[in-house]
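Presented below is the structure to which this report refers.
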Number of protein chains: 2
Amino acid sequence: MRLTSKGRYAVMALVDLARFDNITPVSLRDISLRQGISLDFLEQIFSKLRKKEIVQSIRGTQGGYILNRKAKEIKLTNIFDAVDEKVKTVQCKKESKKGCNGKTTKCLTHNLWDELESHINNFFEEKSLEDLVKDNAERRV
Amino acid sequence: MRLTSKGRYAVMALVDLARFDNITPVSLRDISLRQGISLDFLEQIFSKLRKKEIVQSIRGTQGGYILNRKAKEIKLTNIFDAVDEKVKTVQCKKESKKGCNGKTTKCLTHNLWDELESHINNFFEEKSLEDLVKDNAERRV
DNA sequence: GTGAAACTTGACTATTTTAGTCAGGTATAT
DNA sequence: ATATACCTGACTAAAATAGTCAAGTTTCAC
C-alpha cells in the first residue's frame with residue numbers, strides 16, 4: 001500500500017500554506033518553489049481543494065490562496081477526500097465471482113479489510129492541519 | 001492508498017489454508033476454486049510464501065501446501081513482507097530536490113508520514129492468522 | 001514404470017494508475 | 001495595458017498491477 005503523490009503533495013502544500021497569517025494570499029508559484037512540486041500539478045490539486053472549500057482563491061496580481069477554515073478544523077481526512085485519495089482495501093463489488101458483495105455474502109477476510117480501512121481512516125480523522133504546523137514548529141526549536 | 005490484490009490474495013489464501021488440520025496438504029487448485037483466484041497467480045504468491053518459510057510444500061499427487069508455523073505465530077506483517085506488499089508513505093530518497101533524506105534535513109511533513117506508516121504497520125503486527133480464522137468461525141455461528 | 005496431479009520458475013504482456021505536462025484560457029492589481 | 005496568478009480540460013509517458021503463458025520437475029497411485 002502506498003500513498004500517492006497527489007495526496008502527499010496536497011498535505012505538504014497545505015502545511016506550507018497554513019504557516020502564514022491566512023490574510024495575505026500565498027501563490028502556488030511560491031509553494032511550488034519551496035516544496036519542489038510542479039506548478040501545473042499544484043494547480044490541479046488546489047482546484048480540487050477549492051471546490052471542497054478547504055482553500056479560497058484570490059485571483060489577479062498578488063493573488064494566491066488562503067485557508068477557508070481554521071487550520072484546526074481541517075482534518076487530514078478532509079484533504080484526502082478532496083483530492084480523491086481514498087483508502088481502499090477491497091475490490092468486492094455488487095457482482096463478484098465469489099458472491100462477496102459486502103452485505104449478504106462476505107468473503108473470508110472481508111471484516112479484516114473493513115477493520116484495516118477504519119484503522120487508517122481513524123488516523124486521518126484525528127490529525128488536523130493545526131497539529132501538523134505545531135508539530136513542525138516544535139521540532140524546529 | 002490501496003491494498004494490492006497480491007497482498008489481499010495472500011491473506012485470503014492463507015486463511016483458507018489455515019482452516020484445515022495442517023497435516024494433509026491443500027492444493028492451490030482447491031484454493032483457487034474456492035477463493036476465485038487465478039491458479040497461476042497463486043503459484044507466484046505461494047512461491048514467495050515458501051521462500052519466507054510461511055508455508056511448506058509437498059510435491060507430487062495429493063501434494064499441496066501446509067503451514068510451516070502455527071497460525072498464531074504468523075502475523076499479517078510476515079505475510080505482507082513475504083509478498084513484497086510494503087507500506088510506503090514517502091518517496092524521499094538520499095538525493096531529493098528539497099534535500100529531504102529522512103535524516104539530517106526533513107521535509108515539512110516527514111514525521112507525519114513516518115507516524116502513518118507505523119500506525120498501519122502496528123495493525124499488521126498485531127493480527128495473526130489464528131485471529132482471522134477464529135474471527136471467521138465465530139461469525140458463521 | 002508410467003501417467004496424472006501438483007509444485008516450480010521465469011519470462012512475458014495487457015491494463016490501469018500515476019504523475020505529471022501542455023495549451024489555452026480568465027480575473028485583477030498596479 | 002500588462003504582468004501575475006488563478007482556472008480548465010485534454011493529453012501522455014512511465015510505472016505498477018494483475019495477471020498469463022510456457023516449460024519444466026517431483027512424487028504418488030496404480
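Chain identifiers are assigned alphabetically (A, B, ...) following the order of the sequence lines, protein sequences preceding nucleic acid strands; residue numbering begins at 1 within each chain.
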Quick one, [X] and [Y] - any side-chain contact, counting heavy atoms below 4.5 Å?
{"X": "B/Phe123", "Y": "A/Leu112", "result": "yes"}
{"X": "A/Lys86", "Y": "B/Arg2", "result": "no"}
{"X": "B/Ser57", "Y": "B/Tyr65", "result": "yes"}
{"X": "A/Gln35", "Y": "A/Leu42", "result": "no"}
{"X": "A/Leu49", "Y": "A/Phe46", "result": "yes"}

Nearest-angstrom distance from the residue atom [atom1] of [X] to [atom2] of [N]:
{"X": "A/Tyr65", "N": "C/dA27", "atom1": "OH", "atom2": "C1'", "answer": "12 Å"}
{"X": "B/Asp84", "N": "D/dT17", "atom1": "CG", "atom2": "P", "answer": "10 Å"}
{"X": "A/Gln56", "N": "D/dC6", "atom1": "CD", "atom2": "P", "answer": "13 Å"}
{"X": "B/Lys88", "N": "C/dT18", "atom1": "NZ", "atom2": "C1'", "answer": "14 Å"}
{"X": "A/Ile37", "N": "C/dT21", "atom1": "CD1", "atom2": "C1'", "answer": "16 Å"}
{"X": "B/Phe41", "N": "C/dT9", "atom1": "CZ", "atom2": "C1'", "answer": "16 Å"}
{"X": "A/Lys48", "N": "D/dC6", "atom1": "NZ", "atom2": "C1'", "answer": "17 Å"}
{"X": "A/Leu42", "N": "C/dG20", "atom1": "CG", "atom2": "P", "answer": "10 Å"}

How would you list, by chain and number, every residue that makes a side-chain contact (heavy atoms from CB on, under 4.5 Å) with [X], sequence neighbours excluded?
{"X": "A/Asp131", "result": "A/Ser128"}
{"X": "A/Val15", "result": "A/Val11, A/Leu129, A/Leu132, A/Val133, B/Leu108, B/Thr109"}
{"X": "B/Glu53", "result": "B/Asn68"}
{"X": "A/Gln62", "result": "none"}

Subject >> All salt bridge (Lys or Arg N to Asp or Glu O under 4.0 Å) counterparts of B/Glu115, not counting sequence neighbours >> reply: A/Lys127

Original post:
Contacts to DNA chain C from residues 18-28 of chain B, heavy-atom cutoff under 4.0 Å, which residues?
Top reply: B/Val26, B/Ser27, B/Leu28

Subject >> Proximity to the side chain of B/Arg29 - top-ranked nucleotide from C/dA6, D/dT20, D/dC6 >> reply: C/dA6

Subject >> Pairs flagged by salt bridge (Lys or Arg N to Asp or Glu O under 4.0 Å) wherever residues 8-30 of chain B is involved - sequence neighbours left out >> reply: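 For residues 8-30 of chain B: B/Asp16-B/Arg19, B/Asp16-B/Arg34.
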
**OP:** Not counting sequence neighbours, list each pair that qualifies as a salt bridge (Lys or Arg N to Asp or Glu O under 4.0 Å) and has a residue in residues 62-85 of chain A.
**Re:** A/Lys48-A/Asp84, A/Lys52-A/Asp81

Subject >> Side-chain N,O (A/Ser5) to OP1/OP2 (C/dT18) below 4.0 Å >> reply: no

Original post:
Under 4.0 Å: is that the gap between some side-chain N or O of A/Tyr9 and OP1 or OP2 of C/dT18?
Top reply: no

Are there any protein N/O atoms within less than 3.5 Å of an N/O atom in nucleotides 8-16 of chain D, and if so, which ones and at what distance?
unit_1	atom_1	unit_2	atom_2	d
D/dT8	OP2	A/Arg50	NH2	2.7

**OP:** Output the residues of residues 73-82 of chain B in contact with DNA chain D, where contact means a heavy atom of the residue under 4.0 Å from an atom of the strand; sort by number or write none.
**Re:** none

**OP:** Identify the two heavy atoms, one from A/Asn78 and one from A/Ile54, that lie closest to each other, and give their separation to 0.1 Å.
**Re:**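 Looking at all heavy atoms of both residues, the closest pair is O-CD1, 3.4 Å.
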
**OP:** Tell me what A/Phe46 touches on the nucleic acid: a base, only sugar-phosphate, or nothing, going by heavy atoms under 4.0 Å.
**Re:** nothing

I'd like a table of atom pairs between the protein and nucleotides 27-30 of chain D - only N or O on both sides, under 3.5 Å - with the distance next to each one.
unit_1	atom_1	unit_2	atom_2	d
D/dC28	O2	B/Thr61	OG1	3.0

**OP:** Each residue besides B/Ile66 in its hydrophobic cluster should be listed here, by chain and number; the cluster joins Ile, Leu, Val, Met, Phe, Trp and Tyr at side-chain heavy-atom distances under 4.5 Å.
**Re:** B/Ile58

